[in-house]
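Working notes, structure below.
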Amino acid sequence: MDGSSAADQKSYEERIRQLELQARPLDPDVGERVRLKDKVIAYADSFLEAIDGRPAFVMSEGWDSALYDSQISEGPTDPDEVLGLLDRGVIQRGVNVGSAGHLAYIPGSNLYASALADYVAAVTNRYSGLYFASPGAVRMERMLLRWMADLLGYPPTSAGDLTSGGSIASLVGIVTAREAHDLKARDYGRAVVYLSAQSHHAIDKALRIAGLKESVKRFVPLDGRHRIRPEVLEEAVKGDAKAGLYPWLIAATAGTTDTGAVDPLADLADIARRRGLWLHVDGAYGAPFALTGHGEQILKGIERSDSVVLDPHKGLFLPFGSGAVLVREGERLLEAHHYDASYLQDKDTLASGDEVSPADLSPELTRPFRALRLWLPLKLAGVAPFRAALEEKLLLARHFHERMRLEEGFEVGPPPDLSIVTFRYLPRRGDPDAFNRRLIEAVQRDGRVFLSSTKIDGKFTLRAAILSLRTHLETVELAIEILREKAKQLEREG
Ligand SMILES: *Cc1c(COP(=O)(O)O)cnc(C)c1O
C-alpha cells in the first residue's frame, strides 16, 4: 500500500471513521449513560436493601459454572444479563462482606460514601502519583496521611503512603527499615528480626519480597494474653549482638489477627531506642482504634515506633483497597522509594509544602485516586460517627466475652484487648478439638453468622471478630444463641 492516491487516502479515512463508530460503545452518550447507570445503581441498591437478609456466609457447594459458561466474546451482552451473571456467579456465594453477621477473620465493610467516591474517582480519573499532574489529589492524600499521623502521635516530619492494603504497607515499612539501616546483601544472613508467633504472615512475606529471606527470625515468647514479653525480647537482642549478629527490626503488632492482642508498644519502643533497632508496628487491624479512649490507652507507645501500618479497609470501614503506612522520619521513606535523586537535594521538601509526589514515597507510579474513598466519608460524616462505631465494636466484644464466659460448656480466652474474642466449647466427652471443628462447621453451614477458627497454643479455638459496620447488639446475641444451639445439638448427637 503506497497510500499516495486520492482513492487510497479516502478509503483510509473511511476505515478510520468506521473504527471510530465500532469503538463508540466504549464512550456512551448521556442517554446511554443514564440507562446503564440506573441499572447498575438499582442493582447496588437492591443488594444493600437485602444485605442483612442474606446469609453472612454461603458455602460453595461444588462447581458453579455460571461465569465460565458465558465467555468473553466479540459481541456485546445485554446489561441485565451481565448483572445477573455477576449476582449468580459472584455475589451470592462466599462471605457476605459488610453484612452484620460477618464475624470471621477481620471483617470488612462497604461504606457507601466510599463506593460513591470510587465512582467519582474513576470517572474523573485524577493522576494522583505526581504532584504536577494533580496537585489537589496529592494534597488530599497528604492531608489524610497527616490526619492519621496526628491520630497516632507521629511528628510533622513523618510521611506516608496510601496503599492498596496492609500487606503492601508493611512491605513499604520493611523496605524503608532495610534502607534506613543500610543493609546490604552481605548483611542479610546476620540481620535479626524479632516478631511473635502471632505476627501476621504478611510480615514474613514482606521480608522475603524485600530480599531478606535469609534474615534470622526470632519468635519472642508471649505472655498469657498473646503479647510479646519485652524482657525476653531484650535478652534475645543482647544475646544476638554478643554473638555477632545484627539485631535490626522489631515487628510488633497492634491488634493481632488471631486474638486482637496489642504488644506492649511503649516497652518495645524503649528497647528499640536503647538497642538501635527499627520498630515496625503492624496496626493494620488495631491502629484505627486510636480514635477511641480505650484504644489511645492500649496503643500507647505507637507514637515512638519508626513505621506503622493502618488499614482503612478494616477499622475505618472502607471497601477493600485501602491501607496506609506512616514512617516517623519521612526522609527515610523518601530515600527508600524516590525515583529521582534530584528530589534529595532539598532536605526540607517534606516539611516545606506539597512538592513531594506520592510516586517518590511509594512503590507505585500510576495508582488510583485512592484518597477520595477516605476523604469523602470523613468529610460527609465527620470523625464522630467513626469514633462511635469503633467504641461500639469494643463494647460489643467485651459484652460477647462476658456472655460467653457465663455460657454453659464454653471457656473463653483473655478479655479482649480490642474487638476479637476467642473461645471454645468443652464437651462432656471426646476430643475438644474435634468437637470445636464440628461446631464451627455447623455454624458456618447455618450461615446466619460467620465465625472462624484458629489454633492457639495448639488448641482448636473459635473466634469472633467484631468489626463490621453493621454488626450491632442483636447480631452478637444471635451469635451466642446459634453457638448455644449448635453445641447442644452436637452434644446430643454425641
Ligand atoms: C489484615 C491484616 C494484615 C494484612 O493486610 P491486608 O490489607 O489484608 O493486606 C496484616 N496484619 C494484620 C494484623 C492484619 O489484620
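Positions are given from 1, in the same order as the sequence printed here. Whatever order the structure lists ligands and atoms in, that order sets their numbers, starting from 1.
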[X]: numbered ligand 1 atoms lying under 4.0 Å from its heavy atoms:
X: H200; answer: 2 (C), 3 (C), 4 (C), 10 (C), 11 (N), 12 (C), 14 (C)
X: A284; answer: 2 (C), 3 (C), 10 (C), 11 (N), 12 (C), 14 (C)
X: G255; answer: 13 (C)
X: K314; answer: 1 (C), 2 (C), 3 (C), 4 (C), 5 (O), 14 (C), 15 (O)
X: T257; answer: 12 (C), 13 (C), 14 (C), 15 (O)
X: Y285; answer: 15 (O)
X: D282; answer: 10 (C), 11 (N), 12 (C), 13 (C)

Decide whether an N or O pair under 3.5 Å exists between H313 and ligand 1.
yes
Do any N/O atoms on G166 end up under 3.5 angstrom from N/O atoms on ligand 1?
yes
So does D457 pair up with R424, basic N to acidic O under 4.0 Å?
no
Under a 4.0 Å N-O cut-off, is there an ion pair linking R304 with D270?
yes
Hey, can you tell me if H181 and W278 have their rings parallel, tilted or perpendicular (30° and 60° cut-offs)?
perpendicular
Do the rings of Y425 and F435 sit parallel, tilted or perpendicular, given the 30° and 60° boundaries?
parallel
For a side-chain hydrogen bond (donor to acceptor under 3.5 Å, both in side chains) check, start with the C-alpha distance between S134 and R139, then their side-chain angles and the critical distance, and finish with the verdict.
CA-CA 9 Å; S134 180; R139 278 188 203 120; over 6 Å; no
Tightest non-hydrogen contact, residues S419 and F289, listed as OG-CZ, 3.7 Å
Below 4.0 Å, non-hydrogen atoms only: which portion of S167 touches ligand 1? Side chain, backbone, both or neither.
both
Would you call L130 and L365 a side-chain contact if the rule is heavy atoms closer than 4.5 Å?
yes
Taking R225 for its side chain and A261 for its backbone only, find out whether a donor-acceptor pair lies under 3.5 Å.
no
Looking at ligand 1, would D311 count as a contact under a 4.0 Å heavy-atom criterion?
yes
